[in-house]
Engineer: 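Supplied in structure tokens, the structure appears directly below.
Residue numbers begin at 1 in each chain, while the letters A, B, ... track the order of the sequences.
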Amino acid sequence: MTRNVPDKPTLDGLEAKWDERWESDGTYLFDRAKTRDEIFSIDTPPPTVSGSLHMGSVFGYVQTDAHARYRRMAGSEVFYPMGWDDNGLPTERRVQNYYGVRGDASLPYDPDLAPPEEPHDPPVLISRRNFIDLCHILTLEDEKVFEQLWRTLGLSVDWTQTYATIDDHSRRTSQVAFLNNLARGEAYSQEAPVLWDVDFQTPVAQAELEDREKGGAYHKVAFRKPGGEPIYIETSRPELICSCVALVAHPEDARYSDLVGSTVTSPLFGVEVPVVAHPLAEPDRGTGVAMICTFGDTTDVTWWRELELPTRAVIQHDGRFQEETPDWLDSEGGAFYAELAGLFPNQARRRMAELLAESGDMDGEPKQIMHPVKFYEKGDRPLEIVTSRQWYIRNGGRDDELRKTFVGRGEELRWVPGFMGTRYQDWVEGLNGDWLISRQRFFGVPIPLWYPLDDAAEPDFDNPIVPPADMLPLDPFSDVPPGYDESQRGQPGGFTGDTDIMDTWATSSLSPQIAGHWVDDPDLWERVFPMDIRPQGPEIIRTWLFSTTVRAHYEHDVLPWHTATINGWILDPDRKKMSKSLGNVVTPLPLIEEYGSEAVRYWACNGRPGVDTAVDFGVMKIGRRLAIKILNASRFALGFTDSDVEASAITNPLDRSMLAGLAEAVANATQAFESYDYTRALEAAERSFWGWTDDYVELVKARAYGDGPGADSAHAALQLALSVYLRLFAPFLPFVTEEVWSWWRQGSVHRESWPSADEFEGLTGEAQVADLVSQVLTAVRRVKSDAKVSMRAEVERVSVTAPADQIALIKEGELDLLEAARAAEADYSEGEFSVVAELADSSS
RNA sequence: GGGCGUUUAGCUCAGUUGGCUAGAGCACUGCCCUUACAAGGCAGGGGUCGGCGGUUCGAGUCCGUCAACGCCCACCA
């Protein structure tokens with residue numbers, strides 16, 4: 001093939017050019033004829049498609065791509081699918097804001113509803129099905145934007161292997177797995193207190209909780225002993241006094257031991273409640289006595305469960321106090337309750353403080369405090385605890401044996417970096433309940449069950465109607481169970497569909513099964529599972545990583561992957577956490593436009609595995625400079641001949657020495673990649689390459705331009721070195737390496753084999769020759785620099801002092817050295833290494 | 001309150017089993033339009049390796065301890 005080297009090579013337009021070519025050539029298509037041992041499979045994180053792209057998204061995906069590209073070149077067939085996580089609350093919220101709509105399950109479907117052009121304000125209420133339609137429309141748009149970004153960044157994904165967590169295939173996989181869990185007893189439903197978001201009106205799993213420091217106040221409130229003496233408690237939630245079921249003290253707290261077993265009366269409401277003992281009550285907190293309510297916090301739930309206390313709930317699912325007077329209050333108490341009815345807890349709290357102050361049941365003013373309050377991580381108001389029927393999957397949170405099993409799975413997994421395994425272990429050991437998977441929302445995978453209705457149209461939740469496998473995926477809201485017809489929906493003796501959907505993690509925890517087509521392509525499944533790596537961020541170890549481990553354990557009794565690679569966290573340029581509320585989110589597109597994809601990739605690959613990394617424009621500039629350098633150096637290396645020179649021509653000691661050094665860099669880069677350290681691999685390639693351009697290329701120039709005996713050797717060595725460098729950089733800088741490859745080679749560099757020691761067989765010499773000659777050259781340059789003359793200035797004589805063995809080596813590269821130094825001659829003497837250069841004419 | 005991580009040049013970071021005068025890039029200074037590259041090249045200045053104590057012939061590297069910062073977790077009385 002003749003060479004086609006442009007005069008003015010440029011990075012401009014390379015992304016679009018090569019993305020198109022890779023697409024039309026099918027460069028990254030997965031060859032499913034390969035067997036499991038030949039395949040390297042990646043359980044790609046399906047990014048949440050909620051419209052916002054930021055540098056955190058780019059960071060981990062580029063690192064994974066670099067590794068995928070290495071594996072592909074190293075001989076593996078890479079299974080590298082891409083998913084979109086589009087079901088769930090983030091999408092719902094985006095649709096609500098984007099269109100200005102709210103879903104309302106009570107409204108009828110409007111088949112003619114068009115997506116609003118502009119967001120409605122105030123929001124329009126639309127039916128559940130219309131709402132879901134809008135979710136589909138918008139996610140499709142968002143997914144196109146994501147795919148375009150990934151393509152521009154050069155992710156070597158097989159774009160025919162995409163999935164979305166809301167598509168038919170994912171819904172089917174999710175429902176099949178759920179029904180398997182149900183059949184084996186791993187999934188169950190239960191009426192129980194749950195942490196509840198009053199805005200989203202859905203329960204929240206432990207993994208989605210976060211504590212936020214919030215202001216509050218301790219109210220010191222008197223209950224009354226039978227004789228009328230006060231017993232004080234301190235509470236930050238006085239509004240729940242009406243739902244108090246007991247007071248509690250520590251069993252060994254002598255101050256209250258007389259009281260335990262007796263009853264006291266609540267202020268205002270006059271309800272008689274027992275005083276009980278429990279070790280969770282802390283003597284030195286507050287007055288040592290706490291009030292137990294339905295439910296003020298999760299400790300209340302523990303006390304309620306373990307002490308078998310009654311249930312007196314007043315807060316409804318919408319977060320307000322119920323309107324009707326609770327039946328445990330008498331008329332006097334009811335009058336006070338009327339003051340609270342319909343209020344939100346914070347309003348009721350203020351009113352109660354007033355009422356208690358008026359009645360004299362509060363001692364002093366409320367004491368302002370800061371304390372942690374539980375929130376849904378995506379929510380804006382504190383969680384309440386309400387009782388409702390929900391679905392759970394057992395995860396060891398209520399079973400020590402199972403917990404140990406899952407801790408063991410974490411130990412079995414290889415973690416990169418290793419310390420990330422500790423986070424998994426801490427999480428599993430700290431679980432305090434099973435995994436709550438049901439959500440009372442719209443856009444998600446439905447729980448695929450119906451319930452028979454008795455004569456009073458009450459559902460029998462203990463005997464769900466399970467669909468046959470061939471009905472999946474289904475929506476029990478619109479599909480009818482076998483043996484029934486639609487007219488029986490909601491009728492006595494008929495059926496009703498489960499109205500819940502599953503949380504998004506209940507589906508994305510099956511990403512290996514979805515991508516590997518567990519339910520419908522056993523042949524593919526066998527070739528890719530268990531997968532080789534799970535790359536992901538540290539913040540979703542407790543959710544995605546753990547839940548995937550749980551599902552694979554139940555379904556296949558195996559770890560879903562051998563290795564988990566955890567990327568670091570992305571910080572803004574000032575090393576602060578990026579967040580929308582701080583307004584410091586950096587988006588990738590403007591950066592790609594300014595610096596180019598290669599530069600952004602270079603930055604991402606400079607972030608070491610698991611290490612938090614700041615967005616750094618300086619690093620991107622270096623990456624861009626490297627890419628330009630590759631173009632220019634390639635132009636030089638390929639500029640001497642029109643076709644390849646046989647490698648056997650490489651006889652010159654300096655050339656062979658250079659190749660010895662390069663062989664070492666290849667070994668280092670390979671070893672680094674094998675231990676998932678892409679950064680070290682990049683560093684090895686880069687250090688070698690800059691040395692090559694700075695020193696070797698300068699040394700070899702005269703010989704390469706000439707037509708003397710060493711010219712062929714120089715040409716062949718340049719060519720071989722370039723071929724190796726392009727392949728070393730290909731995983732990191734896929735566009736520029738492909739561009740240069742196309743100047744003189746057929747096919748894609750990304751389907752070439754990774755450089756190996758074999759390629760240097762019989763072509764390497766003593767590595768020190770190039771090192772020593774470079775040192776002498778540097779010394780001569782220093783002399784010129786100090787003398788403030790041009791590097792072209794002629795040198796009369798270079799005098800090298802060095803140990804005898806080094807002199808011998810330097811002499812092997814002497815001709816090139818003299819040319820590069822523009823020196824007339826060299827002389828040598830034995831001794832400690834030093835170089836003296838006499839400039840030819842210092843006055844010129 | 002517990003756990004994990006980080007702390008090396010003004011800035012961002014390397015430094016793999018302890019071993020010769022501690023490295024890179026950016027920034028800074030000086031020089032050079034040298035035919036691959038001036039959105040470049042060459043050369044240079046700059047560091048008590050967070051503090052203290054220990055192991056060792058030798059410690060940025062191992063051990064102990066303290067501190068600062070970050071992250072994760074934790075029963076909201």
Side-chain angles (χ1 to χ4, degrees), chain A residues 5 7-9 209-214 216 218-219 221 233-237 240 247-248 280-282 285-293 296-303 369-375 382-383 385 417 419-423 425-427 429-430 432 538-539 541-542 568-569 571 573 575-577 606-608 610-614 616-619 621-622 624-625 628-639 668 671-672 675 677 679-680 683 686-687 690 693-694 697-698 701 705 718 777-793 820 822:
Chain A
V5 182
D7 285 341
K8 285 250 171 214
L209 294 180
E210 68 182 30
D211 285 354
R212 297 184 197 160
E213 279 294 317
K214 290 286 171 185
Y218 283 150
H219 303 66
V221 176
I233 57 124
E234 278 197 310
T235 179
S236 62
R237 301 202 63 178
L240 289 177
L247 299 190
V248 64
L280 276 181
E282 293 173 39
R285 199 153 163 187
T287 61
V289 186
M291 141 179 112
I292 304 176
C293 305
D297 62 32
T298 52
T299 317
D300 280 349
V301 177
T302 307
W303 282 324
I369 51 151
M370 291 297 284
H371 60 170
V373 179
K374 286 198 187 309
F375 279 74
L383 294 172
I385 296 172
F419 66 79
M420 289 292 182
T422 311
R423 295 201 185 186
Q425 188 180 337
D426 288 352
W427 177 254
E429 287 176 349
N432 54 30
E539 76 284 8
I541 289 173
R542 66 177 185 172
W569 193 258
L571 308 168
R575 296 201 63 75
K576 294 204 179 65
K577 200 168 166 174
N606 260 286
R608 305 186 104 77
V611 174
D612 293 350
T613 303
D616 189 333
F617 309 117
V619 173
K621 283 182 193 161
I622 301 163
R624 183 173 177 82
R625 205 175 56 145
I628 292 170
K629 193 80 174 176
I630 289 171
L631 287 176
N632 288 318
S634 300
R635 202 171 91 79
F636 170 79
L638 297 176
N668 289 339
Q671 195 196 357
S675 54
D677 197 342
T679 307
R680 195 186 289 275
E683 215 173 65
E686 210 183 349
R687 190 172 33 236
W690 283 106
T693 60
D694 290 351
V697 164
E698 291 303 321
K701 260 180 189 171
Y705 276 114
L718 283 167
L777 179 60
T778 296
V780 175
R781 283 168 174 163
R782 187 180 301 126
V783 170
K784 293 181 181 179
S785 184
D786 289 347
K788 306 197 174 190
V789 298
S790 160
M791 290 298 145
R792 297 169 71 191
R822 301 200 171 243

Engineer: Checking only heavy atoms, does the side chain of A:K629 share a donor-acceptor pair with the base of B:rC37 at less than 3.5 Å?
Structural biologist: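 Such a pair is found, so the answer is yes.
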Engineer: Indicate, with a heavy-atom threshold strictly under 4.0 Å, whether A:N606 touches base, sugar-phosphate, or nothing.
Structural biologist: nothing
Engineer: If you look at every strand shown and take non-hydrogen atoms under 4.0 Å, does A:L718 touch a base, only sugar-phosphate, or nothing?
Structural biologist: nothing
Engineer: Does a side-chain N-to-carboxylate-O contact under 4.0 Å join A:E686 and A:K629?
Structural biologist: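 Salt bridge between A:E686 and A:K629, a charged N being under 4.0 Å from a carboxylate O: no.
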Engineer: Within the structure shown, what part of the strands sits under 4.0 Å from A:K701 by heavy-atom distance: base, sugar-phosphate, or nothing?
Structural biologist: base
Engineer: Could you check whether A:E282 gets within reach of a base, just the sugar-phosphate, or nothing at all, counting any heavy atom under 4.0 Å?
Structural biologist: base
Engineer: Tell me which of A:D786 and A:D616 sits closer to the 5' end of RNA chain B, going by the nucleotide each one is nearest to.
Structural biologist: A:D616
Engineer: Could you check how far CZ of A:F636 sits from P of B:rU34, rounded to whole Å?
Structural biologist: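 To the nearest whole Å, that distance equals 16 Å.
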Engineer: Checking salt bridge (Lys or Arg N to Asp or Glu O under 4.0 Å) for the pair A:E698/A:R781: CA distance, chi angles, key distance, verdict?
Structural biologist: CA-CA 12 Å; A:E698 291 303 321; A:R781 283 168 174 163; 5.0 Å; no
Engineer: Contact class for A:R608 vs. all strands (heavy atom < 4.0 Å): base, sugar-phosphate, or nothing?
Structural biologist: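 Sugar-phosphate, no base atom in range.
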Engineer: Please check if the number of heavy atoms outside A:E210 that lie under 6.0 Å from its CD is greater than 12.
Structural biologist: yes
Engineer: How long is the line joining CD of A:E210 and C1' of B:rC73, in whole Å?
Structural biologist: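 Roughly 13 Å, once rounded to whole Å.
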Engineer: In dot-bracket form, 5' to 3', how is RNA chain B paired? Count Watson-Crick and G-U wobble pairs only if both distances fall under 3.5 Å, and write | where the partner sits on another strand.
Structural biologist: (((((((..((((.....[...)))).(((((.......))))).....(((((..]....))))))))))))....
Engineer: Measure CD/A:E213 against P/B:rC73 and give the value in whole Å, please.
Structural biologist: 14 Å
Engineer: Base, sugar-phosphate, or nothing: which does A:A281 touch, judged by heavy atoms less than 4.0 Å apart?
Structural biologist: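 Base contact.
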Engineer: Heavy atoms only, 4.0 Å cut-off, all strands: where does A:V248 land among base, sugar-phosphate and nothing?
Structural biologist: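 Contact class for A:V248: none.
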Engineer: With heavy atoms under 4.0 Å as the rule, sort A:T287 into base, sugar-phosphate or nothing.
Structural biologist: nothing
Engineer: Can you tell me how far apart CZ (A:R423) and CD (A:E539) are? Round to the nearest 0.5 Å.
Structural biologist: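 Rounded to the nearest 0.5 Å, the CZ-CD separation comes out at 9.5 Å.
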Engineer: Once you round it to whole Å, what is the distance between C1' of B:rA74 and CH2 of A:W427?
Structural biologist: 11 Å
Engineer: How does protein contact run along nucleotides 24-30 of chain B, one letter per nucleotide 5' to 3', with B for base contact, S for sugar-phosphate only, - for none, heavy atoms under 4.0 Å?
Structural biologist: -SS---B
Engineer: Which part of the nucleic acid, if any, lies within reach of A:R285 when heavy atoms closer than 4.0 Å are counted: base, sugar-phosphate only, or nothing?
Structural biologist: base
Engineer: Just the rounded figure in Å: distance from P of B:rA74 to CD of A:E429.
Structural biologist: 13 Å
Engineer: Tell me what A:Q425 touches on the nucleic acid: a base, only sugar-phosphate, or nothing, going by heavy atoms under 4.0 Å.
Structural biologist: nothing
Engineer: Can you measure from CZ (A:R237) to CE (A:M291) and round to the nearest 0.5 angstrom?
Structural biologist: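 The CZ atom of A:R237 sits 8.5 Å away from the CE atom of A:M291.
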Engineer: To the nearest 0.5 Å, tell me how far A:D297 CG sits from A:H371 NE2.
Structural biologist: 10.5 Å
Engineer: For RNA chain B, whose closest nucleotide is more 5', that of A:K784 or that of A:V619?
Structural biologist: A:V619
